[in-house]
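We count ligands from 1, going down the list as the structure has it; atoms in each ligand are counted the same way.
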Amino acid sequence: MGFNVAIDGPAGAGKSTIAKLVAGEMNFIYVDTGAMYRAIALYLIRKGVGIEETDRFADECQGAEVSIQYVDGTQQVILNGENVSGWIRTEEVGNMASASSVDPAVRAKLLDLQRNLAAENDVVMDGRDIGTNILPNADVKVYLTASVEERAMRRFKELMGKGMDLSLEQIEKDIEERDYRDMHREIAPLKQAEDAVYIDSSDMSIDEVKAAIIKLIESKR
Ligand code: DC
């Protein structure tokens, strides 16, 4: 069993930024589980499945095989042999991932992949249900969050930087909807694990959050 760090939290809380930095510093691998759900969402979109067509998710997702590879230390998501890492970072795919990840058949497709990675490697894994469901015995669990306004502003700046044109109001609305869906679904909803350390990063710098998590890891090693 590797040393396992689980970081859960809502969309835009900075999980991936922090998890990547922590993994780099500790020489662990970073596992982005959201990217796996996004790959399945991309598959469904390409199949012409609409976000409201929830009754098609279970059947249609059966044709999606997701795996990951590391290129220069960066996770790449492979969907049926194609590296789709460049296609999964849009709001459309993110919203579809939030909707389709509600389906137990979609979640079941990714369970073994996530658990095996953690069994074989020292990992920092981020997602929504890592500490509660995927790795209930993780060595360190963090619930990382920030206010909706702060998360929307961060995502707004990120998308602007990529030349995407979306209003702050629209992003805030999307985040609220996604929070609601992720927290209220029946299977593996987003919630803080009892033994997770709660970190609100609204008024913290990236370095401060990273240092707090590294301190937690070092206290357990
Ligand atoms: O972290 P992200 O925005 O890339 O995740 C996209 C969606 O995938 C998220 O809204 C819910 C789903 N997801 C999940 O259900 N469980 C995870 N462990 C990770 C993501």
Which ligand 1 atoms does Asp129 reach within 4.0 Å, using its non-hydrogen atoms? 16 (N), 17 (C), 18 (N)

From the list Arg89, Lys15, Arg128, Arg38, salt bridge (Lys or Arg N to Asp or Glu O under 4.0 Å) with Asp32 holds only for Arg89

Specify side chain, backbone, both or neither for Arg38, according to which of its non-hydrogen atoms lie closer than 4.0 Å to ligand 1. side chain

For atom 8 (O) of ligand 1, what is the nearest protein heavy atom, given as residue, atom name and distance? Tyr37 CB, 3.5 Å

Taking only non-hydrogen atoms of Ser101 and a 4.0 Å limit, the atoms of ligand 1 in range are 11 (C), 12 (C), 15 (O)

When you measure from atom 7 (C) of ligand 1 to every protein heavy atom, which one gives the shortest distance, and what is it? Ala97 CB, 3.7 Å

Interatomic spacing from CD in Gln62 to NZ in Lys109 - rounded to 0.5 Å: 5.0 Å

For atom 10 (O) of ligand 1, the protein heavy atom that lies nearest, with its residue and separation: Asp182 OD2, 3.0 Å

Salt-bridge contact Arg185-Asp103 (side-chain N to carboxylate O under 4.0 Å): no

Chi angles and distances behind the side-chain hydrogen bond (donor to acceptor under 3.5 Å, both in side chains) call for Ser98, Arg178: CA-CA 6 Å; Ser98 173; Arg178 218 190 278 187; 5.0 Å; no

What pair of heavy atoms forms the shortest contact from Glu60 to Tyr43, and how long is it? O-CE2, 3.1 Å

for atom 5 (O) of ligand 1, nearest protein heavy atom and its distance come out as Arg128 NH2, 3.5 Å

Nearest heavy-atom approach of Val77 to Ala35 is CG2-CB, 3.6 Å

Could you walk me through whether Asp200 and Ser202 pass the side-chain hydrogen bond (donor to acceptor under 3.5 Å, both in side chains) test, one step at a time? CA-CA 6 Å; Asp200 182 335; Ser202 303; 2.7 Å; yes

Heavy-atom contacts with Arg178 under 4.0 Å: which atoms of ligand 1 show up? List them by number with element. 3 (O), 10 (O)

Give the atom numbers and elements of ligand 1 that come within less than 4.0 Å of a heavy atom of Gly127. 17 (C), 18 (N), 19 (C)

Only heavy atoms of Thr33, strictly under 4.0 Å: list the atoms of ligand 1 that pass. 17 (C), 18 (N), 19 (C)

Under 4.0 angstrom from ligand 1, any heavy atom of Arg107? yes

Looking at ligand 1, would Arg185 count as a contact under a 4.0 Å heavy-atom criterion? yes

Thinking salt bridges, do Lys162 and Glu158 make one under a 4.0 Å N-O criterion? yes

